[in-house]
Amino acid sequence: MAVRVRFAPSPTGYLHVGGARTALFNWLFARHHGGEFRLRIENTDTSREVAEAVDQIQGTLAWLGLDLDGEVTSQLDRMAHAQEVARRLVDEGHAYEDEGAIRFRMPDEGTTAWEDVVLGRIEYPNEQLEDLVLVRSDGRPTYNFVSPLEDALDGITHVIRGQDHVSNTPKQLRILEALGAEIPVYAHVPLLNGPDGRKLSKRHGAITVEDFRAQGYLPDALVNYLALLGWSYDDRTEIMTREELVERFTLDRVGASAATFDYQKLEWLNGVYLRGLAPDVYADALVTYLREQGYEWDEELVRRAAPLVQEKIAALGEFPAFAGFLFARVEPDPALLGDGAVLPAAAETLAGVEPFEADQIETALRGLAERLGLKPREAFQPIRLALTGSAVSPGLFESLELLGKEESLARIGGSGRGGASGSSAR
RNA sequence: GCCCCCAUCGACUAGCGGUCCAGGUCACAGCCCUUUCAAGGCUGUAGCGCGGGUUCGAAUCCCGCUGGGGGCACCA
């Protein structure tokens, strides 16, 4: 039987990284087996916010590169059918009416068990199973009824979801059984925690995939990182392409315990991916990112600046703070300003450099440092500060070249205070 | 309270009875390189929660404890 899985989020807003991880595992499993990956929206009303959330979720999945099969389905479309099935269950004695609602009759004795692919055998005492409401008194079916019903309707072969659904499983199993439906294979993947060991939430920082996108993370890096949370290939392979992940992903290597989301490791991985991009691809990514974030900076200059930062930043979001001085003057931190003694000499030296290119600039400035008896660091740091407004920046010589002689000299001035007063573009 | 699940360095994990005085990666520390910051190279600190079993032998199997998580809706 061909594999068919589904990701079934409730449309409450942007996709959470935990949800994205669940979606990823489903997608990897489907692609690994040449099966189908479907999106099913689990909702109960038709409000505008829901429609937006559905679009957002689809947009996020697309950005992550998790392509869908078949149409996106919605619980809404099956309400009438669910009601019919519920009535049939009443007729067959599996359910009964209760104050206008329809309740499913759960067994009172024995146990309900299943072989979970990641958790192993799980047994629930049936006395724990309450007669659950299938259809509310207002006619709307409930999640625990529609979810297994739709799994059956759609021919879902494997239900891969978060462990927060473990306790729903015995109830859904009982319903599927009463329906006479095929029982899918269940795989409950571990949940994600924040750095403090508690449920990952906004207080920990970025939480939705869109948050990470806005910070300049690459979809490939996020996908790679998420795959490593609860799953591993072996004892040493961590950096894998999408194709490698698809080829290597198996549910039996998914762990059973919760994983802590490590922002630092994600950042490191993103840096690895960023540095690994071909220069033109990197420039494209940077241009696209800055445009998405609303920066209206000269594209040509951004492209020329790209090589200066590729080795230095771990997320595209660091670019404005790191290289923003190329697009607008930045006032140096007064606390960092020295006496500026080398500045006049530097200005004089630079004025004579022709052509104004990194190599020539470097030769000239190193010569200056030697003549003044200064260590490179001592000579260059004041210039860097005057030029970039910061003690941390891209390479000094390349930065000078990009800024051009005129602007560079204007910033270095010679007064020791860097640039004409009020000239800072802010 | 009841039910279910989980438990290897700070974090992600490898380990499926002996090849583990526990390996890799991030983070952290030191050194090297160096125009700052990164990157890179080298080295290092750091872990099998506790107690009982089983076995010639346990991180690996069993039981208990402790700790953590999840769930107990006419929410999803």
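It should be emphasised that the depicted structure is a prediction, and the values quoted were computed from it without experimental measurement. Order of the sequence lines sets the chain letters (A, B, ...), proteins ahead of strands, with each chain counted from 1. Just so it is clear, the values below take in all heavy atoms, side chains as well, and ignore hydrogens, waters and symmetry mates.
No contact: Arg161(A) has no heavy atom under 4.0 Å from any strand.
In the set rG70(B), rA11(B), rA76(B), the nucleotide with an atom closest to the side chain of Thr260(A) is rA11(B). Taking only side-chain atoms of Tyr124(A), from C-beta outward, the nucleotide of rA76(B), rC4(B), rC74(B) with the closest atom is rC4(B). Counting only heavy atoms from C-beta on, Arg366(A) has its side chain closest to rU35(B) among rU35(B), rC37(B), rC74(B). Of the candidates rA7(B), rC12(B), rG23(B), the closest approach to any side-chain atom of Asp235(A) belongs to rG23(B). In the set rU35(B), rC74(B), rA39(B), rU35(B) carries the atom at the smallest distance from any side-chain atom of Gln381(A). Of the candidates rA7(B), rC4(B), rC2(B), rC2(B) carries the atom nearest the Gln128(A) side chain, counting heavy atoms from C-beta on. Listed nucleotides rA76(B), rU13(B), rA39(B) differ in distance to Ser232(A); the shortest reach to its side chain belongs to rU13(B). Distance from the side chain of Lys312(A) is smallest for rU36(B) among the nucleotides rA76(B), rC12(B), rU36(B). Taking the side chain of Arg275(A) as heavy atoms from C-beta on, and the options rC2(B), rC6(B), rA39(B), the nearest nucleotide is rA39(B).
When both distances must be under 3.5 Å, the Watson-Crick or G-U wobble mate of rG1(B) is rC72(B). In this structure rG51(B) sits in a base pair with rC63(B), meeting the Watson-Crick or G-U test at under 3.5 Å. Pairing partner, rA46(B): none, since no Watson-Crick or wobble contact has both distances short of 3.5 Å. Across the strands present, rC31(B) finds its partner in rG41(B); the criterion is a Watson-Crick or G-U wobble pair with both atom distances under 3.5 angstrom. Across all strands shown, rC20(B) has no partner, as no Watson-Crick or G-U wobble contact with both distances under 3.5 Å is found.
Taking the ring centre of Tyr96(A) as origin, the terminal cationic atom of Arg103(A) falls outside the region bounded by 6.0 Å and 45° from the ring axis. A cation-pi arrangement is not found for Arg253(A) relative to Phe249(A), the charged atom failing to lie both closer than 6.0 Å to the ring centre and inside a 45° cone about the ring normal.
Where Asn168(A) and Phe397(A) each meet RNA chain B at their nearest nucleotide, the meeting point lying more 5' is that of Phe397(A). Comparing Leu191(A) and Val392(A) by the nucleotide of RNA chain B whose heavy atom lies nearest to each, the residue mapping closer to the 5' end is Val392(A).
Residue side chain Ser137(A) reaches the base of rC74(B) through a donor-acceptor N/O pair under 3.5 Å, judged by distance alone. One N or O donor and one acceptor, one from the side chain of Arg384(A) and one from the base of rU35(B), sit under 3.5 Å apart.
Under a cut-off of 6.0 angstrom, the local environment of CD in Glu130(A) is sparse, with at most 12 non-hydrogen atoms contributed by other residues, nucleotides or ligands. More than 12 non-hydrogen atoms from other residues, nucleotides or ligands lie less than 6.0 angstrom from CZ of Arg88(A). Surrounding CD of Glu109(A) are at most 12 heavy atoms belonging to other residues, nucleotides or ligands under 6.0 Å away.
The gap from the P atom of rG24(B) to that of rG71(B) amounts to 37 Å, rounded to the nearest Å. With both ends at atom C1', the span from rC21(B) to rA27(B) equals 25 Å, rounded to whole Å.
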Polar-atom pairs under 3.5 Å, protein N or O versus N or O of nucleotides 25-29 of chain B: list them with distances, or write none.
{"unit_1": "rU25(B)", "atom_1": "O4'", "unit_2": "Glu238(A)", "atom_2": "OE1", "d": "3.3"}
{"unit_1": "rU25(B)", "atom_1": "O2'", "unit_2": "Glu238(A)", "atom_2": "OE1", "d": "2.6"}
{"unit_1": "rU25(B)", "atom_1": "O2", "unit_2": "Lys265(A)", "atom_2": "NZ", "d": "2.8"}
{"unit_1": "rC26(B)", "atom_1": "O2'", "unit_2": "Lys265(A)", "atom_2": "N", "d": "3.4"}
{"unit_1": "rA27(B)", "atom_1": "O2'", "unit_2": "Gln264(A)", "atom_2": "OE1", "d": "3.4"}

Listing time: all N or O pairs from protein to nucleotides 44-46 of chain B that are below 3.5 Å?
none

If you restrict it to nitrogen or oxygen atoms, what contacts under 3.5 Å exist between nucleotides 66-68 of chain B and the protein, and what is each distance?
none

Glu210(A) vs Thr60(A), test: side chain to side chain donor-acceptor pair (under 3.5 Å). Steps then yes/no. CA-CA 7 Å; Glu210(A) 294 304 317; Thr60(A) 296; 2.8 Å; yes
Starting from the C-alpha separation in whole Å, work towards a yes-or-no answer on side chain to side chain donor-acceptor pair (under 3.5 Å) for Thr237(A) and Asp234(A). CA-CA 6 Å; Thr237(A) 313; Asp234(A) 59 18; 2.7 Å; yes
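The side-chain heavy atoms of Trp27(A) and Leu245(A), taken from C-beta on, include no pair separated by under 4.5 Å.
Residues Thr250(A) and Asp252(A) have side chains that bring a donor and an acceptor to within less than 3.5 angstrom of each other. Under 3.5 Å, the side chains of Thr157(A) and Arg4(A) contain no donor-acceptor pair of N or O atoms. Asn126(A) and Thr111(A) share no donor-acceptor pair across their side chains, judged by distance under 3.5 Å alone.
If you run side-chain hydrogen bond (donor to acceptor under 3.5 Å, both in side chains) between His188(A) and each of Gln163(A), Arg161(A), His165(A), only Arg161(A) comes through.
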